[in-house]
A.B. asks: 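Okay, handing you the structure first.
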Amino acid sequence: MTTATSTARTSPGADPVRPFKAGAYGFVVLGAGHLALSAAASGTPTPEQRAADTAMRESAFTLLGLERTTFDVTHGMSIAMALFAIVCGLLLLTAVRHAPDLVRRRTAFGRVPLVASLAALGTALLLLPVPPIVVLTVTSCAFALSLRRGTAV
């Protein structure tokens, strides 16, 4: 006899891969959106932004023989993290495409992106504006739903 739970798990709407893909796409959107907004915001700076940029350009340090300004490090890390989010999302999408059972069977592969998304959400809540908070809330919920729909191994 088939129970309602097992029927729901086999129906297309209850497939854990679908919300997992939504979460992975969320990482791609997060990174691409950050790069796009950074490019759009690089227009005419306000006097306050100019003063901050000038101060960051004047503050330099040397680490492991490389001299960098605070401005370079801040912007470089921002770009690197956006690219990292995009690559992680694309890697998750590629992996789940080739091995969907990693998500369906509730393995560590499904847990790691949830933990990463929740950690990024916590950081966003403390330090970032609303757009990444919204995207990371959606990704966290999607990864959590995927885990809930998966079957225990």
Side-chain angles (χ1 to χ4, degrees), residues 13-150 152-153:
D15 184 13
V17 172
R18 291 176 74 188
F20 187 89
K21 285 181 178 179
Y25 277 117
F27 281 179
V28 174
V29 167
L30 179 70
H34 176 74
L35 292 175
L37 288 175
S38 293
S42 66
T44 307
T46 65
E48 294 84 8
Q49 289 169 326
R50 259 183 267 142
D53 287 353
T54 300
M56 287 176 29
R57 282 187 171 99
E58 291 172 354
S59 172
F61 59 93
T62 302
L63 182 62
L64 301 174
L66 296 172
E67 185 172 328
R68 297 288 187 258
T69 66
T70 304
F71 182 87
D72 293 337
V73 171
T74 302
H75 286 82
M77 286 301 296
S78 176
I79 292 167
M81 293 309 293
L83 293 173
F84 185 75
I86 293 168
V87 169
C88 284
L90 293 174
L91 284 172
L92 290 171
L93 289 167
T94 301
V96 77
R97 179 176 181 215
H98 293 288
D101 281 345
L102 289 173
V103 173
R104 288 190 181 113
R105 291 187 5 237
R106 221 189 282 175
T107 64
F109 178 79
R111 291 180 185 96
V112 170
L114 174 60
V115 171
S117 186
L118 288 170
L121 176 59
T123 303
L125 287 168
L126 294 172
L127 303 171
L128 300 176
V130 172
I133 293 171
V134 171
V135 172
L136 289 165
T137 300
V138 170
T139 62
S140 297
C141 289
F143 289 132
L145 179 60
S146 175
L147 279 175
R148 180 163 170 76
R149 287 182 177 178
V153 276

A.B. asks: Please, which pairs that meet ring-ring contact (aromatic ring centres under 6.0 Å, His included) have at least one residue in residues 106-142, sequence neighbours excluded?
C.D. replies: F20-F109
A.B. asks: What salt bridge (charged side-chain N to carboxylate O under 4.0 Å, His left out) pairs are there with at least one residue in residues 69-88, not counting sequence neighbours?
C.D. replies: none
A.B. asks: Does any pair with a residue in residues 86-97 pass side chain to side chain donor-acceptor pair (under 3.5 Å), and if so which ones, sequence neighbours excluded?
C.D. replies: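 Side chain to side chain donor-acceptor pair (under 3.5 Å) check on residues 86-97 returns no pairs.
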A.B. asks: Could you check whether any side-chain heavy atom of L102 comes within less than 4.5 Å of a side-chain heavy atom of V96, counting everything from C-beta outward?
C.D. replies: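 L102 vs V96: side chains apart.
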A.B. asks: Any side-chain heavy atom of R149 sitting closer than 4.5 Å to one from D15?
C.D. replies: no
A.B. asks: Among residues at least two apart in sequence or on other chains, which ones pass side-chain contact (heavy atoms from CB on, under 4.5 Å) with I79?
C.D. replies: L35, L83
A.B. asks: Check whether S59 reaches the backbone of T70 with its side chain - one donor and one acceptor, N or O, closer than 3.5 Å.
C.D. replies: no
A.B. asks: With distance as the sole test, does R106 use its side chain to make a donor-acceptor pair with the main-chain N or O of R111 at under 3.5 Å?
C.D. replies: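 Here the side-chain-to-backbone pair does not exist.
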A.B. asks: Looking at residues at least two apart in the chain, or sitting in another chain, which of them share a side chain to side chain donor-acceptor pair (under 3.5 Å) with T62?
C.D. replies: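 Listed in chain order: nothing, the list is empty.
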A.B. asks: Return yes if some donor-acceptor pair links the side-chain N/O of S146 with the main-chain N/O of A142 below 3.5 Å, else return no.
C.D. replies: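 Looks like no, no N/O pair under 3.5 Å.
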A.B. asks: With sequence neighbours excluded, tell me which residues meet side-chain contact (heavy atoms from CB on, under 4.5 Å) with T137.
C.D. replies: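 Partners of T137 under the side-chain contact (heavy atoms from CB on, under 4.5 Å) test: L121, I133, C141.
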A.B. asks: Determine, stepwise, if the pair K21 / L93 fulfils side-chain contact (heavy atoms from CB on, under 4.5 Å).
C.D. replies: CA-CA 6 Å; K21 285 181 178 179; L93 289 167; 4.0 Å; yes
A.B. asks: Measure across A144 and L114 and return the closest heavy-atom pair with its distance rounded to 0.1 Å.
C.D. replies: N-CD1, 3.9 Å
A.B. asks: Using the side-chain contact (heavy atoms from CB on, under 4.5 Å) criterion, which residues pair with P131? Sequence neighbours excluded.
C.D. replies: P129
A.B. asks: What are the two closest heavy atoms between V135 and G26, and how far apart are they?
C.D. replies: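 For V135 and G26, the tightest heavy-atom pair comes out as CG1-O, 3.4 Å.
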A.B. asks: To the nearest 0.5 Å, tell me how far R50 CZ sits from R57 CZ.
C.D. replies: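 Answer for the CZ-CZ pair, R50 versus R57, is 11.5 Å.
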A.B. asks: By the ring-ring contact (aromatic ring centres under 6.0 Å, His included) test, which pairs, at least two apart or in different chains, include something from residues 70-103?
C.D. replies: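 Listed once each, the pairs are F71-H75.
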A.B. asks: Can you list everything that forms a salt bridge (Lys or Arg N to Asp or Glu O under 4.0 Å) with D101? Sequence neighbours excluded, please.
C.D. replies: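 With sequence neighbours excluded, D101 shows a salt bridge (Lys or Arg N to Asp or Glu O under 4.0 Å) to R104, given in chain and number order.
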A.B. asks: If a pair satisfies ring-ring contact (aromatic ring centres under 6.0 Å, His included) and one of its residues is in residues 21-49, list it, with sequence neighbours excluded.
C.D. replies: F27-F143
A.B. asks: Only pairs at least two apart or in different chains count here, so list each ring-ring contact (aromatic ring centres under 6.0 Å, His included) that has a residue in residues 111-140.
C.D. replies: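 Checked against ring-ring contact (aromatic ring centres under 6.0 Å, His included) - neighbours excluded - no pair reaches residues 111-140.
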A.B. asks: Would you say R68's side chain and V73's backbone share a donor-acceptor pair under 3.5 angstrom?
C.D. replies: no
A.B. asks: Could you note down all residue pairs passing side chain to side chain donor-acceptor pair (under 3.5 Å) where residues 116-127 supplies at least one of them, sequence neighbours left out?
C.D. replies: S117-T139, S117-S140
